Amino acid sequence: MNRPGLEAVEESGRMAKPWLALLAACCGLALAQTPSWPPKVESGQTWSFVLEASGQRFIWNVKIGAVVRGNIYAATAEGVDRRTAQVAYFADTLPGTNYKDVLVFDFQAPSVSSSFTQPFACIIFNNGRGNIPLAPGAVCSATLGAATGPTTPSSAEAPAWLREARRVPAAGQSWRLEAFNVVWGLNFAKAEGDGLSGTARILENRSGDQLPPDWNLRLTYAGRTARLEISAGQATIACVLDDQFQNAVNGVLRADANLFRQGVQGSQAQSTCRVVLNP
């Protein structure tokens with residue numbers, strides 16, 4: 001079932017999904033009026049949307065399309081990846097929240113390989129900045145006009161502890177992931193600017209759930225952290241692999257497993273990731 005977007009939120013007059021409630025709760029920012037506020041969203045515009053996380057900037061150019069309903073516009077976003085979106089400005093209270101005078105960008109899942117496999121949304125206040133709940137510490141912003149610089153993330157190296165342990169992943173390698181009583185074989189196929197992409201295939205399933213055999217794989221780098229994600233349909237399993245040099249030397253990394261369904265975090269630390277490195 002598809003996640004309702006801004007159209008469903010406005011029509012119902014209440015929060016349609018918990019992700020937006022989380023979003024509203026986390027965004028209590030100081031409001032500093034800017035000359036370009038309030039924004040006027042119109043068909044044909046292009047906005048530059050920026051996500052800042054873990055020392056990196058991820059940029060999308062968001063082209064505004066036709067009106068979906070009321071003040072809600074369909075949009076397409078291209079940059080780090082390609083995805084559809086909805087954009088709306090709420091001068092009055094955003095349904096289900098206490099916030100007024102906010103600009104909302106609601107992104108669907110990407111149609112191409114990406115560092116961000118989940119849908120996500122951002123409420124932007126009149127200081128031009130906002131937060132994203134499923135990316136702790138991340139800040140988002142939007143300005144009218146296309147980005148003039150590169151819209152893909154800068155090249156990132158594998159964390160130093162993986163390099164020092166001589167366990168740097170590369171295209172052609174096969175790893176192994178164990179989480180939620182399922183075992184996947186991980187095959188890295190392509191080097192990306194911020195890591196690697198590839199495929200994951202279920203080797204053993206003791207979960208009791210009917211799961212698709214083939215999943216998409218992304219390994220991304222940010223500072224001293226490597227984030228491993230596998231996704232199929234609306235389900236994503238993420239493992240944040242922090243600094244663990246000795247585990248890397250021994251060839252087995254461990255972390256908490258996080259399960260997302262339709263972009264909403266469903267399970268945290270109810271399983272662990274066990275990642276076997278096979279150079």
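Model, not experiment: these values are computed from the prediction. FYI, the numbering just counts along the sequence from 1.
- A donor-acceptor pair under 3.5 Å is formed between the side chain of R83 and the backbone N or O of Q108.
- Side-chain atoms of N127 come within 3.5 Å of backbone N or O of R129 as a donor-acceptor pair.
- Below 30°, between 30° and 60°, or above 60°: for W215 and W184 the angle between ring planes is above 60°, a perpendicular geometry.
- Ring-plane geometry between Y89 and W37 is classed as perpendicular, the angle between the planes exceeding 60 degrees on a 0 to 90 degree scale with a lower cut at 30.
- Among all heavy-atom pairs drawn from G208 and N205, the shortest one is N-OD1, 4.1 Å.
- Tracing side-chain contacts under 4.5 Å through hydrophobic residues (I, L, V, M, F, W, Y), one never reaches L186 starting from L203; they form parts of separate clusters.
- Residues A160 and R224 approach most closely at CB-NH1, 3.8 Å, considering heavy atoms.
- F107 and W60 have tilted rings, their planes meeting at an angle from 30° to 60° on a 0 to 90° scale.
- For the 3.5 Å distance criterion, the side chains of S174 and N187 qualify, holding a donor opposite an acceptor.
- Using a 4.5 Å cut-off between side-chain heavy atoms of Ile, Leu, Val, Met, Phe, Trp and Tyr, with links allowed through other members, W161 and V249 fall into the same hydrophobic cluster.
- Side-chain atoms of N61 come within 3.5 Å of backbone atoms of A147 as a donor-acceptor pair (strictly under, hydrogens ignored).
- Residue V62 is grouped with residue V67 when hydrophobic side chains (ILVMFWY) are merged at heavy-atom distances under 4.5 angstrom, including chains of intermediate members.
- Between the Q244 side chain and the V252 main chain, no donor and acceptor come within less than 3.5 Å of each other.
- Under a hydrophobic-cluster definition in which Ile, Leu, Val, Met, Phe, Trp and Tyr are linked whenever side-chain heavy atoms come within less than 4.5 Å, directly or via other members, F180 and V183 are assigned to different clusters.
- Side-chain N or O atoms of S48 include none that pairs as donor or acceptor with a backbone N or O of A146 at under 3.5 Å.
- Between the side chain of R218 and the backbone N or O of L196, at least one donor-acceptor pair lies under 3.5 Å.
- Using cut-offs of 30° and 60° for the angle between ring planes, the F188 and W175 rings count as perpendicular.
- Judged by distance alone, the side chains of E192 and S197 do bring a donor and an acceptor atom under 3.5 Å apart.
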